[in-house]
Amino acid sequence: MNITTFHDVVEWTRALHEHLAQCLKHCASQHEEERAKWLLGYLSDHEAALEIVVAGFEKQADPKALNTWLYDYQSYAPIKPHKTCTAPYAKMSFDEICQEIFDLHEQVIGFYRYLEGRTEIPETRALIGELLKLEEHEAMRLVHQTNRSRDL
């Protein structure tokens with residue numbers, strides 16, 4: 001995806017969550033360990049819900065912010081998930097799945113922090129700030145939920 005505006009950033013994030021939800025769901029059906037199956041199903045549902053929330057930003061955000069050109073993007077290398085799900089999560093342990101998903105979310109958060117630090121227009125700073133808060137909150141929630149499931 002070629003990202004040139006903040007609308008593209010929102011769309012890229014939505015597509016990332018959609019792709020991850022589909023891949024996790026696909027891998028859940030192939031995993032042999034029951035606890036990992038549960039985790040993959042939970043994470044898939046969580047990513048699908050995030051996709052819907054992020055899609056809402058496209059509808060509710062200030063059009064000026066969405067249509068603002070993004071010039072600093074080229075100097076940052078965002079996450080590029082694989083185009084097709086080759087079932088990597090189906091072969092990972094519970095802890096490896098957690099670490100992989102946490103790392104992915106940290107990369108998204110790092111990307112938003114990068115953009116927030118370079119955004120000068122108040123509307124775009126507010127948009128990125130809201131997306132950043134959403135991703136940080138959801139990453140924290142994932143950590144808490146998966147840690148609780150380890151205790152079971």
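Worth saying up front: this structure is predicted, and the values here are computed from it rather than measured.
- To the nearest 0.5 angstrom, Glu58 atom CD is 4.0 Å from His7 atom NE2.
- Interatomic distance, Glu130 CD to Arg125 CZ, rounded to the nearest 0.5 Å: 13.5 Å.
- No single ILVMFWY cluster, assembled from side-chain heavy atoms under 4.5 Å apart, contains both Ile121 and Leu132.
- At least one side-chain heavy atom of His46 sits less than 4.5 Å from a side-chain heavy atom of Tyr42.
- With rounding to the nearest 0.5 angstrom, the CG atom of Leu115 is 5.5 Å from the CG atom of Leu70.
- Ile52 and Leu24 fall into different hydrophobic clusters, where Ile, Leu, Val, Met, Phe, Trp and Tyr residues are linked whenever their side-chain heavy atoms come under 4.5 Å apart, directly or through other members.
- Using modelled atom types and a 3.5 Å distance limit, the side chains of Gln99 and Asp103 yield a donor-acceptor pair.
- A ring-centre distance under 6.0 Å is found for Trp12 and Phe111.
- In summary, Glu116 and Arg113 do not engage in a salt bridge, as defined by a charged side-chain N under 4.0 Å from a carboxylate O.
- Closest non-hydrogen pair, Ile109 versus Glu136, comes out as CD1-CA, 3.8 Å.
- Residues Thr5 and Leu66 have side chains not in contact (no heavy-atom distance under 4.5 Å, counting atoms from C-beta outward).
- When hydrophobic clusters are built by joining Ile, Leu, Val, Met, Phe, Trp and Tyr residues whose side-chain heavy atoms come closer than 4.5 Å, directly or via intermediates, Tyr112 is not grouped with Met140.
- Using a 4.5 Å heavy-atom threshold, the side chains of Thr119 and Phe6 count as touching.
- Glu96 places a side-chain N or O within donor-acceptor distance of the main-chain N or O of Ser93, the cut-off being under 3.5 Å.
- The minimum heavy-atom distance linking Cys27 with Pro88 is given by the pair SG-N, 4.1 Å.
- Proximity of the aromatic rings of His105 and His17 is defined here by a centroid distance below 6.0 angstrom, and this criterion is met.
- Residues Ile97 and His31 are in side-chain contact: their nearest non-hydrogen atoms beyond the backbone lie under 4.5 Å apart.
- The two residues Val143 and Thr146 have their closest heavy-atom pair at O-OG1, 3.1 Å.
- Checked for salt-bridge contact, Arg141 and Glu138 meet the test: a charged N lies under 4.0 Å from a carboxylate O.
- Between atom CG of residue Asn67 and atom CD of residue Glu123 there is a gap of 12.0 Å, rounded to the nearest 0.5 Å.
- With a 4.5 Å cut-off on side-chain heavy atoms, Ser44 and Glu47 do not count as touching.
- Proximity of Leu134 to Leu50: side-chain heavy atoms (C-beta onward) are separated by under 4.5 Å at one or more points.
- Atom NE2 in His137 sits 10.5 Å away from atom CG in Leu142 (nearest 0.5 Å).
- We find the CZ-CD distance between Arg118 and Glu120 to be 11.0 Å, quoted to the nearest 0.5 Å.
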For salt bridge (charged side-chain N to carboxylate O under 4.0 Å, His left out), just list the numbers for Lys37 and Glu33, CA-CA rounded to whole Å, side-chain angles, deciding distance to a tenth of an Å, and then say yes or no. CA-CA 6 Å; Lys37 273 186 182 186; Glu33 183 188 337; over 6 Å; no

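- The closest side-chain heavy-atom distance from Asp62 to Leu127 is not below 4.5 Å.
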query: Could you walk me through whether His26 and Gln30 pass the side-chain hydrogen bond (donor to acceptor under 3.5 Å, both in side chains) check?
result: CA-CA 7 Å; His26 169 74; Gln30 297 181 359; 3.1 Å; yes

